[in-house]
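Shown next, in structure tokens, is the structure this report addresses.
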Amino acid sequence: MPEGHTIHRYARLQTQALGDTSLRMSSPQDRASEAAEALDGRRIERIDAYGKHLLYRFEDELSLHVHLGLFGRFRTWRAPAPPPRDTIRLRFDAGERVIDLSGATASHLIDPATEAKMLARLGPDPLRPGADPERAWEALRRRRIPIGAALLDQNVIAGIGNVYRAEILFACGLDPILPAKTIKRAEWEEIWETTRAMLRTGERSGRIVTVPASESKGAPSKLRGRDRVQVYRREQCRRCGTKVRMKEISARNLFWCPTCQPRRRRLA
DNA sequence: AAGAATGTTATGTA
DNA sequence: CTACATAACATTCT
């Protein structure tokens, strides 16, 4: 099973490696070669993350847009690294370490106008300081789609993926098929705060961990695989043992516990 | 070795 | 404008 990964995790890892990082080569493929040529030898000054979009700021105001998509991966080698395989798009040289990028849906230069357009389409990212939850709330109120679909919609809220949407709804005790517009204000506030807390934990621990802190004993790395989550891709609910349900929503498999996330009672 | 997987955008239709 | 389906794109693992 592939190791759990999120954009935020890699954003953090990359930031740590920033000390003296430069771009060193292009891949044999020409997909990213334009970027590689333009950026060759330049230092990274900063990495900005908006949802799952990463913006690498290089010297001379050059920006590299990276989106890992479903298959994208950074692989870190201790130098000297083996020759890059032919799926490697870009290789970063961080001194002791060498970081290879493969599989990303985006890894190219981006100009300020294009970047602005891209960011304008994103809902607030709960990890960014100053993110405005009201924008997402306003969007929710207009949508009839299930809340389970809305949480994946980057126009509504940016940065939640398929694992987190399941785990957030579990933590909030919400039935995933509830129409977004029926979510109550207090429930929304809980969703937002839960999301922030979960993503921050993910950033800190470098993996997705959604079980209560009391259960991970402050050492989430000791939990393995499916034991780091409550419902996602589990047979049984980690809290109550009920058989976990699965349904395709937004073209992804959504998992939930019918006991911990009951259907909302109709009001009399 | 087909199929699934932690993602997103574009496009057409209603 | 919202919604829904489909295709496209990227790669690795079992």
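Here is how names work: the chains are called A, B, and so on, in the same order as the sequence lines, proteins then strands, and each is numbered from 1.
- Rounding to whole angstrom units, CZ of residue Phe71(A) and C1' of dT11(C) are separated by 6 Å.
- Checking side-chain atoms of Gln261(A) against main-chain N and O of Cys257(A) turns up a donor-acceptor pair under 3.5 Å.
- Applying the salt bridge (Lys or Arg N to Asp or Glu O under 4.0 Å) definition to pairs two or more places apart or across chains, those involving residues 53-71 of chain A are Arg42(A)-Asp60(A), Asp48(A)-Arg57(A), Arg57(A)-Glu115(A).
- Grouped with Ile249(A) in one hydrophobic cluster are Ile177(A), Leu254(A), the linkage being side-chain heavy-atom contacts under 4.5 Å among Ile, Leu, Val, Met, Phe, Trp and Tyr residues.
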Distances for protein N/O vs nucleotides 10-14 of chain B N/O pairs under 3.5 angstrom?
none

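- With distances taken from any side-chain atom of Arg233(A) to the nucleotides dA5(B), dT11(C), dG7(B), the minimum falls on dA5(B).
- As rounded to whole Å, 13 Å separates atom P of dC4(C) from atom CD1 of Ile177(A).
- Less than 4.0 Å separates DNA chain B from at least one heavy atom of each of the following residues of residues 242-259 of chain A: Arg252(A), Asn253(A).
- Put simply, CG on Leu152(A) is 15 Å from P on dA3(C), counting in whole angstrom units.
- Formation of a donor-acceptor pair under 3.5 Å by the Ser205(A) side chain with backbone atoms of Arg207(A) is found in this model.
- In the displayed structure, Arg141(A) atom CZ is contacted under 6.0 Å by at most 12 heavy atoms of other residues, nucleotides or ligands.
- dA1(B) and dA10(C) have their P atoms separated by 22 Å, given to the nearest Å.
- dT8(B) atom P lies 4 Å from atom CD of Gln154(A), rounded to whole Å.
- Across dT12(C), dA5(B), dT9(B), the shortest atom-to-atom separation from the side chain of Arg85(A) is found for dT12(C).
- Residue His65(A) contributes atom NE2, which lies 10 Å from atom P of dT8(B) at whole-angstrom precision.
- For Phe170(A), the ring pair (Phe, Tyr, Trp, His ring centres under 6.0 Å) criterion is met by no residue, not counting sequence neighbours.
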Under the 3.5 Å Watson-Crick or G-U criterion, the dot-bracket string of DNA chain B, with | for inter-strand pairs: .||||.||||||||
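- The stretch residues 141-151 of chain A has no heavy atom under 4.0 Å from DNA chain B, so no residue of it qualifies as close.
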Scan the side chains in residues 145-162 of chain A for donor-acceptor partners under 3.5 Å anywhere in the protein, sequence neighbours excluded, and list what turns up.
residue: Asp153(A); atom: OD1; partner: Asn155(A); partner atom: N; Å: 2.8
residue: Asp153(A); atom: OD1; partner: Asn155(A); partner atom: ND2; Å: 3.0
residue: Asp153(A); atom: OD2; partner: Arg143(A); partner atom: NH2; Å: 3.0
residue: Asn162(A); atom: OD1; partner: Arg165(A); partner atom: NE; Å: 2.8
residue: Asn162(A); atom: OD1; partner: Arg165(A); partner atom: NH2; Å: 3.0
residue: Asn162(A); atom: ND2; partner: Asn253(A); partner atom: O; Å: 3.0

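- Taking Arg234(A) as the reference, Asp227(A) meet the side chain to side chain donor-acceptor pair (under 3.5 Å) condition, with sequence neighbours excluded.
- With sequence neighbours excluded, no residue satisfies side chain to side chain donor-acceptor pair (under 3.5 Å) with Thr194(A).
- Atom CE in Met118(A) sits about 9 Å away from atom P in dT9(B), given to the nearest Å.
- Judged as a salt bridge (charged side-chain N to carboxylate O under 4.0 Å, His left out), and not counting sequence neighbours, the contacts of Arg185(A) are Glu134(A), Glu189(A).
- Residues passing the side chain to side chain donor-acceptor pair (under 3.5 Å) test with Thr182(A), sequence neighbours excluded: none.
- Between dA7(C) and dA4(B), the two P atoms lie 16 Å apart (nearest whole Å).
- Between Asp100(A) and Arg75(A) no salt bridge is recorded (no basic side-chain N to carboxylate O distance below 4.0 Å).
- Under a 3.5 Å cut-off, the side chain of Asp175(A) and the backbone N or O of Leu178(A) do not form any donor-acceptor pair.
- Contact between the side-chain N/O atoms of Thr87(A) and the OP1/OP2 oxygens of dT12(C) is found at a separation under 4.0 Å.
- The nearest whole Å value for the distance from the CG atom in Leu70(A) to the P atom in dA7(C) is 17 Å.
- Proximity of a side-chain donor or acceptor of Thr105(A) to a complementary backbone N or O of His67(A) within less than 3.5 Å is detected.
- Per the geometry, CG belonging to Leu68(A) stands 12 Å off C1' belonging to dT11(C), to the nearest Å.
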